[in-house]
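Step one of this worksheet: look at the structure below.
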Amino acid sequence: MARITLDNLAHSYLPNPASEDDFALKELNHDWTDGEAYALLGASGCGKSTLLNIISGLLIPSQGRVLFDGEDMTTAATADRNIAQVFQFPVVYDTMTVRENLAFPLKNRKLDSAEIARRVQKVSAMIGMDAELDRKARGLTADAKQKISLGRGMVREDVNALLFDEPLTVIDPHMKWELRTQLKKLHDDFGHTMIYVTHDQTEALTFADKVVVMHDGRVVQIGTPQDLFERPAHTFVGYFIGSPGMNLFNATLDGTRARIGDATVDLGAHYAASGKIQIGVRPEFIRLQAGGDGIPARIDRIEDVGRHKIVRLDVGGTEVSAIANEGDAIPADVDRIGFAPEGINVYADDWRVEATQNVPGKDAA
Ligand code: ADP
Ligand code: MG
């Protein structure tokens, strides 16, 4: 196992990149802690596979270095990195049996046959393929072949890291949950460094200790699921994580207050920032009011989604979402919204800004 360091790393697929826009992966410095389970989360095309392939050695970065436990591996061959990588689509040997496919990475490492048999048995149980061990891979469904690919990724115990690039895409929905649970168990048992790429926030948040959120070639936040929920570092994180995502209000700052349209909101702390100012408040922290202070709003519709209700409001022509718990009465005469102070985030040019001074009751750390 190894700590993986990305040092001034960036990548452009163009031979002569002229501006930042030409980089599929924008400059990045990060240490992947040895033994941690990470999810790499972002929309399609944001650079996730580019980053993963640089770590595994399928791609040599145009700038910066990749270190394993401090040793420069930037241009080392994939085979010398001792990494297992599982891709979105199956990579199996059709003419081999399932058992031979699973054993292949171990035979390559010249493990003895008893040890190979033990590990193959264990992994085949994890992926639910005990009954098919002696079948040829040819003729199996894409779903079954992908399970073999996953198994091959999981069969070695001595790897520096396990990289998964959207591995459950072709897997049947009811099996996804089961396999993700097995991957998590594998991590608990062996403590490998794992990086799991996905565009699905539920997958990311349930799998990982730390989630790395990418947007447009840039890592915008690395944090626990709770960090991403409570303090989204970038408006994209607020919008992408959570269901529905964070509400954003254009605002101007005035010390401890913000003006949003004709309304004034108390921020609970002092902020100083310039650029495009927005106040971000998740639906869980929007308060519905009838009269009093607040921002004029009108209820458009209420969606019952089981455990809670989503209230869609019209605020000066923009849709704002609020979450009301099951059993909470929603007054018919709601005409304003307010913000729970602990749910207020301030953004300047899409990046979260910290309060400049603490006010009792509001943790601005
Ligand atoms: P993701 O895995 O998040 O969907 P990728 O890392 O595959 O994103 O792609 C990031 C960007 O780089 C995209 O704009 C994509 O079109 C571009 N890209 C990916 N692979 C290549 C390539 N081999 N040559 C040129 N551009 C590429
Ligand atoms: Mg990809």
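Every number for a ligand or one of its atoms is a count from 1 in the order of the listing.
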Under-4.0 Å salt bridge between [X] and [Y]:
| X | Y | result |
| --- | --- | --- |
| D254 | R259 | no |
| R231 | E342 | no |
| K309 | E303 | no |

Taking the minimum heavy-atom distance to atom 3 (O) of ligand 1, which of H11, K48, M214 ranks first? K48
Looking at S44, which atoms of ligand 1 are within less than 4.0 Å of one of its heavy atoms?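 Listed by number with element: 4 (O).
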Is atom 16 (O) of ligand 1 less than 4.0 angstrom from some protein heavy atom?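 Within 4.0 Å: no protein heavy atom nearby.
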Are L40 and D165 close enough that some pair of their side-chain heavy atoms sits under 4.5 Å apart? no
Do me a favour and list the nearest non-hydrogen protein atom to [atom] with residue, atom name and distance?
| atom | result |
| --- | --- |
| atom 9 (O) of ligand 1 | T50 OG1, 3.8 Å |
| atom 18 (N) of ligand 1 | Y13 CE1, 3.3 Å |
| atom 7 (O) of ligand 1 | S49 CB, 3.8 Å |
| atom 8 (O) of ligand 1 | G47 N, 3.2 Å |
| atom 10 (C) of ligand 1 | G45 O, 3.4 Å |

Do Y93 and F104 have ring centroids that are under 6.0 Å from one another? yes
Pairs meeting criterion salt bridge (Lys or Arg N to Asp or Glu O under 4.0 Å) with involvement of residues 36-47, two or more places apart: E36-K210
CA sep, side-chain torsions, deciding dist, call: Y347, F249, ring pair (Phe, Tyr, Trp, His ring centres under 6.0 Å): CA-CA 10 Å; Y347 295 89; F249 302 85; over 10 Å; no
Please confirm whether A24 comes within less than 3.5 Å of ligand 1 when only nitrogen or oxygen atoms on both sides are compared. no
Is the distance from the Mg ion (ligand 2) to the nearest N/O/S atom of S49 under 2.8 Å? yes
Going by heavy atoms, is G42 under 4.0 Å from ligand 1? no
Rounded to the nearest 0.5 Å, what's the gap from CG on D209 to OG1 on T224? Could you check?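 Result: 10.0 Å between the selected atoms.
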